[in-house]
Amino acid sequence: LAIIAVLAIAFGGFRYYDALTGAGIVNIDDLHTQNLEGELDPDQGYLYNSFSFVFADGLWWGEIRQPDRIVKIPLRYGPREVENITIEGQLALEFNFGENVTMAIDPYYANKYYSVALGELNNNIASGIRRRPVAACTENNEAICEGRDIISCENNQGRPVIEIQNRVGEAGKVTLKGTCILITGDNLELVRAADRLIWQWYRVMS
């Protein structure tokens, strides 16, 4: 069932992600106003590199001003909570080519943390880097990967790829190499690593 949920997020849309995280459409404008005026406690809101972050419904909401709009992003962790996540390596320029970003998913592994990390990444690729996530499998599973490409960081065929690997006992980490982003960590550390990458997409963090 967990694997089905992960594939549902990747293949079927973001409503499954909303159900897993509790995220929804929340009016938090007043909270951001209070935060900017310094009226919130640190565990309710803070400023990070001039961006406002407030805590509501169990999530940290960032208010990101873009040239044509204001984007409100809910993630499990705000930037202050993921500062110690390591991002190492460098992406090739080719990662930025094309509209699609392939999401390489392990069809034999899933739990709620893997699902949340995948959902947050999928949900922000379009807003954060304005591209389209396309689901693929890291290895073949006839039951759920029929018609899907088999792609991983080790076999990315030169495509822009993001792969998520749950690694027991390991801290969260993001590795950039060639045209692939590899996100690793154990359970909540995996989610923290994904959120660290997302805040970098929005240029909240460097």
Within the 4.5 Å heavy-atom criterion, are N122 and P133 side-chain neighbours or not?
yes

Could you tell me if the side chain of R159 sits less than 4.5 Å from the side chain of D149, heavy atoms only?
yes

- request: May I have the step-by-step check of side-chain contact (heavy atoms from CB on, under 4.5 Å) for L121 and I183, ending in yes or no?
  value: CA-CA 11 Å; L121 289 163; I183 300 171; 3.6 Å; yes

Check your understanding: Taking side chain as C-beta onward, heavy atoms only, is T86 less than 4.5 Å from V174?
Key -> no

Fill in: N/O donor-acceptor pair under 3.5 Å between D41 side chain and D43 backbone
no

Separation between CZ (R148) and OG1 (T102), nearest 0.5 Å, reads 11.0 Å

* Mind running side chain to side chain donor-acceptor pair (under 3.5 Å) on N166 and Y113 for me, showing each step along the way? => CA-CA 9 Å; N166 192 85; Y113 306 107; over 6 Å; no

Quick note, disulfide (SG to SG under 2.5 Å) partners involving residues 154-206, not counting sequence neighbours, are C153-C180

In this structure, CD of E146 is separated from SG of C137 (nearest 0.5 Å) by 11.0 Å

TODO: Let me see the working for I198 and I125 under side-chain contact (heavy atoms from CB on, under 4.5 Å), right down to the final yes or no.
DONE: CA-CA 8 Å; I198 291 169; I125 283 176; over 6 Å; no

Across all chains, not counting sequence neighbours, the ring pair (Phe, Tyr, Trp, His ring centres under 6.0 Å) partners of F95 are none

Pair Y46, W60 - check ring-ring contact (aromatic ring centres under 6.0 Å, His included), show working.
CA-CA 10 Å; Y46 59 88; W60 282 99; 5.0 Å; yes

Correct closest heavy-atom pair for A135 and I105 would be CB-CD1, 4.1 Å

**Asked** Heavy atoms, side chains only, cut-off 4.5 Å: are N96 and E94 in contact?
**Response** no

Exercise for review: Check the surroundings of atom CZ in R80: do more than 12 heavy atoms from other residues, nucleotides or ligands lie under 6.0 Å from it?
Suggested key: yes

Keeping Y114 on the side-chain end and D106 on the backbone end, is there a donor-acceptor pair under 3.5 Å? yes

Among the clusters formed by ILVMFWY side chains lying less than 4.5 Å apart, do V204 and I85 turn up in the same one? yes

Legend entry - side-chain contact (heavy atoms from CB on, under 4.5 Å) assessment of I181 paired with L91: CA-CA 8 Å; I181 299 175; L91 286 175; 3.9 Å; yes

Nearest heavy-atom approach of S52 to N35 is OG-ND2, 2.8 Å

Between N124 and E120 (side chain of the first, backbone of the second, donor and acceptor by atom type, cut-off under 3.5 Å), is there such a pair? yes

Do W61 side-chain atoms and F55 backbone N/O form a donor-acceptor pair below 3.5 Å? no

**Request:** Check whether any side-chain heavy atom of F97 lies under 4.5 Å from a side-chain heavy atom of P160, and answer yes or no.
**Result:** no

Residue set satisfying side chain to side chain donor-acceptor pair (under 3.5 Å) with E88, at least two apart, ordered chain then number -> K173

In this structure, CE of M103 is separated from OG1 of T138 (nearest 0.5 Å) by 12.0 Å

Note: with side-chain heavy atoms under 4.5 Å as the link, the other cluster members for I151 come out as V161

Under 3.5 Å donor-acceptor, E170 side chain and R167 backbone = no

Minimal heavy-atom distance between P107 and I144, with the atoms involved, is O-CD1, 3.6 Å

- What's the verdict on side-chain contact (heavy atoms from CB on, under 4.5 Å) for L190 and I164, showing C-alpha distance, side-chain angles and the deciding distance? CA-CA 8 Å; L190 192 66; I164 307 172; 3.5 Å; yes

Nearest heavy-atom approach of L31 to V54 is O-CG1, 3.6 Å

Q) Is it true that a side-chain atom of D57 and a backbone atom of L59 form a donor plus acceptor pair closer than 3.5 Å? A) no

Practice problem: Decide yes or no for K72 and D29: does some side-chain heavy atom of the first lie under 4.5 Å from some side-chain heavy atom of the second? | Solution: yes

Do K177 and L182 make a side-chain contact, defined as non-hydrogen atoms from C-beta onward lying under 4.5 Å apart? no

Here the side chain to side chain donor-acceptor pair (under 3.5 Å) pairs for residues 186-200, sequence neighbours left out, are N84-R192, N111-N187, E189-R192

When every non-hydrogen atom of T184 is compared with those of A193, the smallest separation belongs to O-CB, 3.9 Å

Connected to L47, directly or through other members, by ILVMFWY side-chain contacts below 4.5 Å are L36

Between R203 and F51, the two heavy atoms sitting closest are O-CE1, 3.9 Å

Worksheet entry | CD (E154) with more than 12 external heavy atoms under 6.0 Å | no

If you group Ile, Leu, Val, Met, Phe, Trp and Tyr by side-chain heavy-atom gaps below 4.5 Å, do W201 and F53 land in one group?
yes

*Is there a path from Y108 to I150 through hydrophobic residues (I, L, V, M, F, W, Y) whose side chains come within less than 4.5 Å of each other?*
no

- Below 4.5 Å, heavy atoms only, C-beta onward: do N49 and M205 meet side chain to side chain? no

